[in-house]
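Report on the structure given below.
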Amino acid sequence: MASPFCCTTIVLSYVSIALVVAIFPTLGTGSTRLATTSALEMEAKALLHLGWWSSYSNDTCNRCSWVGISCNEAGSITRIDCSRFAVSGSISPQICALSSLEYLDLSSNNLTGELPQSLGKLTRLKELILSRNFVEGSIPSGWGNLKSLNQLDLSHDRITGPIPSTLGNLAKLELLNLSENQIIGPIPSTLGKLTNLKQLDLSFNQITGAIPPTLGGLTNLEFLFFTSNQISSFIPSELGNMKSLVELNLSKNKLNGLIPSSLSHLSRLRYLSLDSNHLEGPLPSQIGNCSVLEELNLSNNHITGNIPFEVFTCPHHTLDLSQNFIEGKIPHQFHNHFCLHVLDLSHNNLTGTIPDLSWRLEELNLSYNSLEGPIPEYLSSQFSSDSFWGNKYLCGNQPDFSPCPSTPINKLKIVNKLKFVEIIVPVLCFLAFLALGVLLFLRSRAKDNIPEPNVTKNGDLFLS
Ligand SMILES: *[C@@H]1O[C@H](CO)[C@@H](O)[C@H](O)[C@H]1NC(C)=O
Ligand SMILES: *[C@@H]1O[C@H](CO)[C@@H](O)[C@H](O)[C@H]1NC(C)=O
Ligand SMILES: *[C@@H]1O[C@H](CO)[C@@H](O)[C@H](O)[C@H]1NC(C)=O
Ligand SMILES: *[C@@H]1O[C@H](CO)[C@@H](O)[C@H](O)[C@H]1NC(C)=O
Ligand SMILES: *[C@@H]1O[C@H](CO)[C@@H](O)[C@H](O)[C@H]1NC(C)=O
Ligand SMILES: *[C@@H]1O[C@H](CO)[C@@H](O)[C@H](O)[C@H]1NC(C)=O
Ligand SMILES: *[C@@H]1O[C@H](CO)[C@@H](O)[C@H](O)[C@H]1NC(C)=O
């Protein structure tokens, strides 16, 4: 509906060009400049239709010096930078007359109404930023014609409907931000064609369906955010091909299946957030190969099995494995422990004792496991009982915990004492009795063998 209107305007303008020149003689001086003049005149008209400068000026002759507007040498508008300009109302479909426009930033205003289909005619547009408004409607499929587009930011609006698959034609796109809207439907697999993409943010929508494996082709992508949607597939192993990825955030979805070990190929990955999903199975030990990983959050999933010690070889701040079904012992090998500042293993089924954590930890949560043995002094002095609560067999000088019966060294002494009392003493007594018995026996035999007089003599001898 919008684009035919724009085209009609173009035709009408050409037809009425003579009239325009007659009424405003300053605009054109000869028939050779007629076409250019008409195009410029249409730009002027379009600005009046947009109406965002009406309180500032209606003098279209000086439009190139209006606030936020830049023109090229021919006097055609190339930039509109009206971020936080207090513009309101809807975007007039006549905006398509601004055929030289390369940059349009209307972010953080009070714009309402729908996204105009006619905007798709601005094929020179490089940046289109409409974020933080109240714009509604769905993304027009015709916007797939914006061949020069480098940045498309429609975040924090009221956009509904699905993502048109035609966006996969925006071959120069480096940033696509559709976060914080009410977008529904699946992620089009065509987005995998956007090989120049560096940032893809679809967070906080109602996107469903699967993560298309084609996204693995986005080898220049640095930031991938799908947080807070309803994506319900497994994580395709192809994501391990996104070799430029720095931050991967798929948290708060309905992802299921295993964590693909291919993620360990992401050698630049610094933040990995897969928390609050339905991921299951054990942690792949290869995850320890993420040489620059700083933050790993797998909290609130259905992860089982042990913690592979390799996980602790990453140079993390943060390691959050809380609220899973992880069991077994906490690995005692910490390679880069100086860097680990936040460790949350709470709400699992870990057993065994607390390993050596004697470095500068800022946050620690081991609560609700099946850990046993003493809470080390250096931990109980730094962290409250909350960090250890819910482990029946932990003991220590912490409030709410029973004091440990003794340190392990004393325990050893007790064990030795017990051994002494229970085994050695009876054996010694037995040996003593045996020796006494033997002595008495020998003595009685000696009495029998030795003649009487000698005994008396000996007896006398002893008595004297
Ligand atoms: C521009 O035109 C509008 C509508 O005709 C009018 O309300 C407004 O006062 C005009 N602004 C200036 C600065 O002349
Ligand atoms: C948006 O409108 C509200 C009132 O409706 C106003 O307070 C606010 O300043 C406007 N903001 C912008 C950026 O225009
Ligand atoms: C996307 O837009 C939101 C809201 O405007 C912003 O907070 C977020 O940082 C943007 N994402 C990227 C990757 O730039
Ligand atoms: C993941 O995304 C959410 C929403 O955009 C953000 O609040 C959070 O900080 C992100 N996490 C990381 C580690 O970047
Ligand atoms: C770890 O990374 C190195 C180099 O990137 C690679 O050679 C090795 O095979 C990887 N190991 C695992 C277990 O993925
Ligand atoms: C990990 O994610 C959970 C759930 O989304 C969140 O509550 C927690 O704060 C995150 N952990 C860290 C250390 O950021
Ligand atoms: C924890 O592990 C123990 C022994 O392996 C098992 O008996 C218990 O049911 C587990 N608890 C939970 C909550 O999984």
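Whatever order the structure lists ligands and atoms in, that order sets their numbers, starting from 1. Here the structure is a predicted model, which is why all the values come from computation and not from measurement.
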Check for a donor-acceptor pair, side chain of [X] on one end and backbone N or O of [Y] on the other, with a separation under 3.5 Å.
X	Y	value
Asp105	Ser107	yes
Asn62	Asp59	no
Asn229	Thr208	no
Asn253	Asn277	no

Item checked: Selected option - heavy-atom contact closest to atom 4 (C) of ligand 1, from Asp59, Leu48, Asn58 ->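 Ranked by closest heavy atom to atom 4 (C) of ligand 1, first place is Asn58.
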Note to self: Minimum distance, heavy atoms only, to atom 7 (O) of ligand 3: which one of Lys198, Gln151, Arg132, Glu247 is it?
What the structure shows: Arg132
Notebook entry, point to check: Is the count of non-hydrogen atoms from other residues, nucleotides or ligands lying under 6.0 Å from Tyr56 atom OH greater than 12?
Noted result: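 Yes, enclosed.
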Next item on the list: For the pair Trp53 and Trp66, name the ring-plane relationship: parallel under 30°, tilted 30 to 60°, perpendicular over 60°.
Entry: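 The arrangement is tilted - the two ring planes meet at 30° to 60°.
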Notebook entry, point to check: Can you list the steps and then say if Ser251 with Ser273 is a side chain to side chain donor-acceptor pair (under 3.5 Å)?
Noted result: CA-CA 6 Å; Ser251 66; Ser273 306; 5.6 Å; no
Atom indices of ligand 3, in the order listed, that fall short of 4.0 Å to a heavy atom of [X]:
X	value
Glu180	3 (C), 4 (C)
Ser179	1 (C), 2 (O), 3 (C)
Ser155	2 (O), 3 (C), 4 (C), 5 (O)

At what distance is the nearest protein heavy atom to [atom], and which residue and atom is it?
atom	result
atom 2 (O) of ligand 3	Asn177 ND2, 2.4 Å
atom 5 (O) of ligand 6	Asp275 OD2, 2.6 Å
atom 13 (C) of ligand 6	Thr318 CG2, 3.2 Å
atom 1 (C) of ligand 6	Asn297 ND2, 1.5 Å
atom 14 (O) of ligand 3	Gln199 OE1, 3.3 Å

Next item on the list: For Ser276, take its heavy atoms, then give the atoms of ligand 6 lying under 4.0 Å from any of them.
Entry: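 Answer, ordered by atom number: 4 (C), 5 (O).
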Item checked: Per-atom contacts, ligand 6 versus Asp320 - under 4.0 Å to a heavy atom ->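 So the atoms of ligand 6 that pass are 1 (C), 8 (C), 10 (C), 11 (N), 12 (C), 13 (C).
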Note to self: I want to know if ligand 1 touches Ser54 in the polar sense, i.e. an N/O pair below 3.5 angstrom.
What the structure shows: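 Yes, since at least one N or O of Ser54 sits under 3.5 Å from an N or O of ligand 1.
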Item checked: Contact check: Asp153 vs ligand 3, nitrogen or oxygen atoms, below 3.5 angstrom -> no
Margin query: Heavy-atom pairs closer than 4.0 Å: do any link ligand 3 to the side chain of Ser131, the backbone, both, or neither?
Written below: neither
Notebook entry, point to check: With the threshold set at 4.0 Å, does a side-chain nitrogen-carboxylate oxygen contact exist between Glu102 and Arg124?
Noted result: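 Answer for the salt bridge query: no.
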Check: Do the charged groups of Glu43 and Lys45 touch, with an N to O distance under 4.0 Å?
Finding: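 Judged by the 4.0 Å cut-off on N to carboxylate O distance, Glu43 and Lys45 do not form a salt bridge.
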Next item on the list: Using only heavy-atom distances, determine whether the side chains of Glu280 and His302 contain a donor-acceptor pair under 3.5 Å.
Entry: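 Distance-only check fails for Glu280 and His302.
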Checklist line | ligand 6 contacted by Lys252 (non-hydrogen, < 4.0 Å) | finding: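 Yes; Lys252 lies near enough to ligand 6 that a heavy-atom distance drops under 4.0 Å.
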Notebook entry, point to check: atom 9 (O) of ligand 3: protein heavy atom closer than 4.0 Å?
Noted result: no
Check: Which bit of Glu363 gets closer than 4.0 Å to ligand 6, counting heavy atoms only: side chain, backbone, both or neither?
Finding: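 Answer for Glu363: neither.
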Checklist line | side chain to side chain contact (heavy atoms under 4.5 Å, CB included) partner of Leu152, chosen from Leu146, Asn177, Leu128 | finding: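 The side chain to side chain contact (heavy atoms under 4.5 Å, CB included) with Leu152 is passed solely by Leu128 among Leu146, Asn177, Leu128.
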